[in-house]
Amino acid sequence: MTPRCYVAAHAAEALARIRAELGEDAVVLGSRPVPGGVEFLASAYGDLAVEAQEPRPAHGLLEELRELRRLVGRQLGGLAFSQWKRRDPARVLLAGVLLQAGFSPQLARALAAHCPRGLEEGAALRWVRQVLLKNLTALEDDTPRPGMRLALVGPTGAGKTTTLAKLAAQAAARWGAGAVCLVALDDYRVGARAQLAEYAQLLGCEFRAWDGGADWRGTCADLPVGALVLIDVAGHAQHDERIRLQHEKLAALQVMRWLVLPATLQGAVADAVVHAFGGTELSGCVLSKLDEALLTAPALDTLLRWKLPLARLSLGQRVPEDLFPARVSWLVERALRQRATQPHRLREDDMFLLENAS
Ligand SMILES: Nc1nc2c(ncn2[C@@H]2O[C@H](COP(=O)(O)OP(=O)(O)O)[C@@H](O)[C@H]2O)c(=O)[nH]1
Ligand SMILES: [Mg+2]
């Protein structure tokens, strides 16, 4: 039996009629608003099974053909993958290791494709470690010293103020508290200025604050010349317009910028953050929250793509103990050792499912 059409002023009325005529277990196949009410398409329960065996209309056939094409595509994808695996087991292993570690598919593909043919698996892993080490750079002259002006920029909650306090404490221990000046350009978050002032007081450093007005040039013109000036700024989301204004201020003050990049960010977000906060114009990067990140690869992937040199690693909240020099080899080992956990881990058969994902 073909489905029947019910037009009524209200859904409740249509449903009551459907139930009365087709039975309590009638199945509603669809509904749409029509002038003056609503139209329902319904069928008695038993009719559906019969209909399922009836010949399909033309559009049903088309859909079946499409499904068939998808299936064949998937099979061929699987075939291509297993051929690749037979021919180049080390390259496939390498791509798998990199994907599981959280590197981007683009980097995993490129590294696997460049891996010399015929290497044993162990040799392929050693090769990839070397390539990562060669391409990931640490800032060479990385010690903020008296006479320098350095600002830490980055997203909200990245660890900018904490890292600034760590750097200030390390500098004060080396050159004396009088050689360090903390400046709050953070006009945005309530309490941000007080947080920095407290650190300055604890360390015995000079503290300056920008009042949020237009005269930020005046406020900063008399910054101590011989001191290390560490500048704390407002954090912004990567799409925020105010980042551009912040760039202009810092450029006018001839301030060097380090990005504080939380290692906990998803790869795509980390990429957008680097782009928004200056990309290749940044002097360096502090990788923060490494102690919280289950995977290190997404952040490393981003640093590699932007050729952004590492300045420091932050592995916790303690000031100043949890700030470390940029040990690239330690980071690479860590990234390659880590794996996505369930349910985010890829299985081998996910590989060829992906063949037709786009
Ligand atoms: N676990 C962990 N927490 C951190 C680290 N760096 C900063 N934090 C914490 O992250 C929060 C935000 O830090 P804050 O410096 O205020 O971020 P800001 O908004 O960028 O200035 C604070 O609770 C910090 O103690 C880190 O490396 N690891
Ligand atoms: Mg802050």
Side-chain angles (χ1 to χ4, degrees), residues 138 142 144 150-171 180-203 205 207-212 216 229-240 242-243 245-247 249-250 255-266 269-270 272-274 276-278 282-296 298-300 302-303 308 310-327 330-331 334-335 338:
D142 68 347
L150 172 68
L152 299 184
V153 298
T156 53
K160 297 181 294 300
T161 307
T162 313
T163 305
L164 207 78
K166 291 172 180 172
L167 288 171
Q170 290 177 353
V180 182
C181 173
L182 295 184
V183 176
L185 276 194
D186 196 341
D187 57 316
Y188 181 60
R189 199 160 58 81
V190 177
R193 187 184 302 189
Q195 188 189 1
L196 197 69
E198 202 165 315
Y199 277 126
Q201 198 180 6
L202 276 173
L203 297 170
C205 301
F207 173 73
R208 303 277 177 91
W210 173 51
D211 64 2
W216 53 270
V229 177
L230 295 170
I231 301 174
D232 195 31
V233 302
H236 293 302
Q238 70 269 16
H239 48 74
D240 199 314
R242 284 168 294 186
I243 295 176
L245 294 173
Q246 196 177 75
H247 281 191
K249 283 177 207 169
L250 295 174
V255 170
M256 187 168 85
R257 275 178 294 151
W258 284 2
L259 172 71
V260 180
L261 183 71
T264 45
L265 294 183
Q266 295 161 348
V269 180
V273 162
V274 175
F277 283 94
L282 291 160
S283 302
C285 175
V286 176
L287 212 49
S288 68
K289 309 210 172 173
L290 273 161
D291 54 314
E292 290 181 12
L294 287 179
L295 300 176
T296 310
L300 292 199
T302 306
L303 296 177
L308 186 56
L310 264 171
R312 291 285 185 282
L313 309 178
S314 172
L315 279 110
Q317 297 175 289
R318 290 177 309 164
V319 178
E321 296 92 327
D322 292 333
L323 192 67
F324 297 89
R327 286 216 312 274
W330 177 81
L331 269 184
R334 187 178 201 250
Q338 292 168 322

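Just follow the structure's listing: the first ligand is 1, and inside any ligand the first atom is 1.
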Participant: Do any N/O atoms on Ser288 end up under 3.5 angstrom from N/O atoms on ligand 1?
Facilitator: no
Participant: State whether the shortest distance between N or O atoms of Lys160 and N or O atoms of ligand 1 falls below 3.5 angstrom.
Facilitator: yes
Participant: Does any N/O atom on Ala158 come nearer than 3.5 Å to any N/O atom on ligand 1?
Facilitator: yes
Participant: Does Leu294 have more than 12 heavy atoms from other residues, nucleotides or ligands lying within 6.0 Å of its CG?
Facilitator: no
Participant: Considering only residues two or more places apart or on different chains, which pairs with a residue in residues 317-327 satisfy side-chain hydrogen bond (donor to acceptor under 3.5 Å, both in side chains)?
Facilitator: Arg318-Asp322
Participant: So, 4.0 Å and heavy atoms of Asp291: is ligand 1 close enough to count as a contact?
Facilitator: yes
Participant: So is Gly235 in contact with ligand 1, going by heavy-atom distances below 4.0 Å?
Facilitator: no
Participant: Which of the numbered atoms in ligand 1 are below 4.0 angstrom from a heavy atom of Gln195?
Facilitator: 16 (O)
Participant: In terms of heavy-atom contacts, does CD of Gln201 have more than 12 from other residues, nucleotides or ligands at under 6.0 Å?
Facilitator: no
Participant: Could you pull out all residues at least two apart from Arg334 that satisfy salt bridge (charged side-chain N to carboxylate O under 4.0 Å, His left out)?
Facilitator: none
Participant: Is a donor on one side and an acceptor on the other found under 3.5 Å between the side chain of Ser288 and the backbone of Val260?
Facilitator: no
Participant: When rounded to the nearest 0.5 angstrom, what distance separates CG in Asp240 from CZ in Phe277?
Facilitator: 8.0 Å
Participant: Taking the side chain as C-beta and beyond, is there a heavy-atom pair between Lys160 and Leu164 under 4.5 Å?
Facilitator: no
Participant: When you compare ligand 1 with Lys289, is there at least one nitrogen or oxygen pair between them that comes in under 3.5 angstrom?
Facilitator: yes
Participant: Check whether any heavy atom of Gly154 sits under 4.0 Å from an atom of ligand 1.
Facilitator: no
Participant: Under a 4.0 angstrom heavy-atom cut-off, which atoms of ligand 1 come close to Gly157?
Facilitator: 12 (C), 17 (O), 18 (P), 19 (O), 20 (O)
Participant: Who gets closest to atom 21 (O) of ligand 1 by heavy atom: Thr161, Asp232, Leu196?
Facilitator: Thr161
Participant: Are any N, O or S atoms from Thr161 nearer to the Mg ion (ligand 2) than 2.8 Å?
Facilitator: yes
Participant: Among Arg312, Glu292, Gln317, which one has a heavy atom closest to atom 9 (C) of ligand 1?
Facilitator: Gln317
Participant: How long is the straight-line distance from CG of Leu290 back to CG of Leu313, given to the nearest 0.5 Å?
Facilitator: 6.0 Å
